[in-house]
Amino acid sequence: MEWFVDFTALMGVPASVGQIYGLLYLSGRPLPFDNFGERLGISKGSASQGLRFLRDLGAVRVINHPGDRREFYEAEISPTRLVAGFLNEKVQPRLKASDERLARLKKTLKEVDAVDPMLAERVERLHVWSQRARQFLPVVAGLVKIRT
């Protein structure tokens, strides 16, 4: 379980998300919502937010059992889907927002009469980093597919 908590911490995600995913991954079977708070010692709110976060990433899916009105959750264990979900849901939107901010900044710099050349060079460097990050993402996704 600690491995999952440590891994999610690298991404700046709350420990409870790592605990939830770890519990699902290690249980090997779908679990109902009420299991998370009891077994992990987290609040219903933390469990709900964590499960929503993991669902948005595609790291967990909802399973319905006939005759049981509760929702059960199951871990997605394919690294390809996990990485693709993270890239699509978290990284891509941030890169897009970053690109938009950089474009506004470059436009503002062009409108200013006396721009510090070092500042202009640093903004251009940020733009290059952003472009490289966009080129790097498909490579990461491809590496995950090769290794699964």
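This structure is a prediction, so every number in the text was calculated from the model and none was measured.
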Using the rule that two of Ile, Leu, Val, Met, Phe, Trp, Tyr join whenever any of their side-chain heavy atoms come within less than 4.5 Å, decide whether [X] and [Y] are in one cluster.
{"X": "Val13", "Y": "Leu40", "answer": "yes"}
{"X": "Val5", "Y": "Leu31", "answer": "no"}
{"X": "Leu126", "Y": "Val112", "answer": "yes"}
{"X": "Leu54", "Y": "Ile63", "answer": "no"}
{"X": "Ile77", "Y": "Phe72", "answer": "no"}

Determine the minimum heavy-atom distance between [X] and [Y], stating which atoms define it.
{"X": "Met1", "Y": "Gln19", "answer": "SD-O, 3.2 Å"}
{"X": "Ala120", "Y": "Leu109", "answer": "CA-CD1, 4.3 Å"}
{"X": "His65", "Y": "Pro30", "answer": "NE2-CB, 4.2 Å"}

Drop me the distance from [X]'s [atom1] to [Y]'s [atom2], to the nearest 0.5 angstrom.
{"X": "Asn64", "Y": "Arg70", "atom1": "CG", "atom2": "CZ", "value": "11.5 Å"}
{"X": "Leu23", "Y": "Ser16", "atom1": "CG", "atom2": "OG", "value": "12.5 Å"}
{"X": "Glu76", "Y": "Leu24", "atom1": "CD", "atom2": "CG", "value": "11.5 Å"}
{"X": "Arg101", "Y": "Lys106", "atom1": "CZ", "atom2": "NZ", "value": "15.5 Å"}
{"X": "Gln131", "Y": "Leu95", "atom1": "CD", "atom2": "CG", "value": "11.5 Å"}
{"X": "Arg39", "Y": "Ile20", "atom1": "CZ", "atom2": "CD1", "value": "12.5 Å"}

Under 3.5 Å, side chain of Thr8 to main-chain N/O of Phe4, donor-acceptor pair present?
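Flag set: sc Thr8 to bb Phe4 pair under 3.5 Å.
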What is the ring orientation for Tyr21 with Tyr25, classed by angle as parallel under 30°, tilted 30 to 60°, or perpendicular over 60°?
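Rings of Tyr21 and Tyr25: tilted, 30 to 60°.
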For Phe36 and Tyr73, take the angle between the two ring planes, folded into 0 to 90°, and tell me which bin it lands in: parallel under 30, tilted 30 to 60, perpendicular over 60.
perpendicular
Does Glu2 have more than 12 heavy atoms from other residues, nucleotides or ligands lying within 6.0 Å of its CD?
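Check fails, neighbour count at 12 or below.
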